[in-house]
Amino acid sequence: MTGVGDFAIENDHNVYVLGAGFSRSAGLPLMADFLNRMRDARAWLAAVGRNDEADQVAKVLRFRLRAAAAAHRVPVELENIEHLFSLGIATPDAGLEAALPVSICATLDYAGTHAHPISVTATQAGAGPSPLPPGWQSRNARGSQPGVELDMPAYDWLTGLMCGYFGKQPAAPATIISFNYDTVVEESLFRLGLPVI
């Protein structure tokens with residue numbers, strides 16, 4: 001590795017840039033359907049006794065209704081969560097400073113709680129990782145395949161592939177840049193015992 005000034009130049013370094021589509025299979029909403037999931041989350045939050053969060057979500061939904069009049073005069077998509085939140089931040093008297101982040105977190109919690117996790121089965125030569133990360137299962141490979149079959153959450157498999165977790169040789173350095181408001185990648189990295197910086 002050679003450097004120019006304070007910048008290192010590397011030939012073998014993978015960079016992955018992830019957007020919201022990456023987390024879609026985890027049951028987490030995209031911007032376009034976030035408010036629909038938030039509406040569902042509000043009823044669930046109230047039903048499980050999380051009334052403070054349900055109240056914050058209701059505050060955001062009431063603001064969305066009041067903002068409908070502005071949408072007739074200004075090009076803003078009120079069903080797009082980023083547009084709605086930008087309008088909410090630009091309207092200081094709306095009192096949404098606390099409600100917006102609580103609403104995002106509560107909606108993601110609801111969506112993750114009601115998702116049906118996807119898992120994958122991969123065959124690995126040798127015994128596989130020891131100890132197995134949480135949520136993984138191991139069994140002897142079927143047929144003439146040597147090694148073990150590993151059942152694991154799909155996101156652990158994807159994140160593991162990006163970081164070289166399954167390779168026999170040390171992997172090239174990897175950087176994962178996520179623009180998501182969820183923690184799907186970080187949760188997988190923690191389960192795999194890989195560092196998050």
CG on L35 to OG on S103, rounded to 0.5 Å: 9.5 Å
Rounded distance [0.5 Å steps], CE in M38 versus CD1 in I104: 6.5 Å
Close side-chain approach of L189 to T159, heavy-atom, < 4.5 Å: yes
Modelled atom types, side-chain donor and acceptor of D151 and S119, under 3.5 Å: no
Any V148 side-chain heavy atom under 4.5 Å of R139 side chain: no
Interatomic spacing from CE in M152 to OG in S188 - rounded to 0.5 Å: 11.0 Å
Aromatic ring pairing Y165/W136, orientation class (parallel under 30°, perpendicular over 60°, tilted between): perpendicular
Sidechain N-carboxylate O distance under 4.0 Å for D55, R62: no
Check: F22 ring centre within less than 6.0 Å of Y16 ring centre: no
Under 3.5 Å: donor-acceptor pair, side chain of D182, backbone of V184: yes
Minimum heavy-atom distance between P29 and R24, given as atom pair plus value: CA-NH1, 3.8 Å
Gap between atom CZ of R37 and atom OG1 of T107 - 0.5 Å precision: 9.0 Å
Check: E187 main-chain N/O paired with Y155 side-chain donor or acceptor under 3.5 Å: no
Backbone N/O of L30 and side chain of D33: donor-acceptor pair under 3.5 Å: yes
Interatomic distance, L132 atom CG to D156 atom CG [nearest 0.5 angstrom]: 11.0 Å
Verdict with supporting geometry, K59 and E97, salt bridge (Lys or Arg N to Asp or Glu O under 4.0 Å): CA-CA 11 Å; K59 185 183 289 187; E97 293 81 11; over 6 Å; no
Least distance between heavy atoms, N180 atom then L18 atom: OD1-O, 3.9 Å
Inter-residue atom distance E186.CD - L194.CG, 0.5 Å rounding: 12.5 Å
Q137, CD: over 12 other non-hydrogen atoms inside 6.0 angstrom: no
Side chains of V57 and Y110 in contact at under 4.5 Å (non-hydrogen atoms): no
Chi angles and distances behind the salt bridge (Lys or Arg N to Asp or Glu O under 4.0 Å) call for R42, E53: CA-CA 8 Å; R42 189 202 167 283; E53 291 165 292; over 6 Å; no
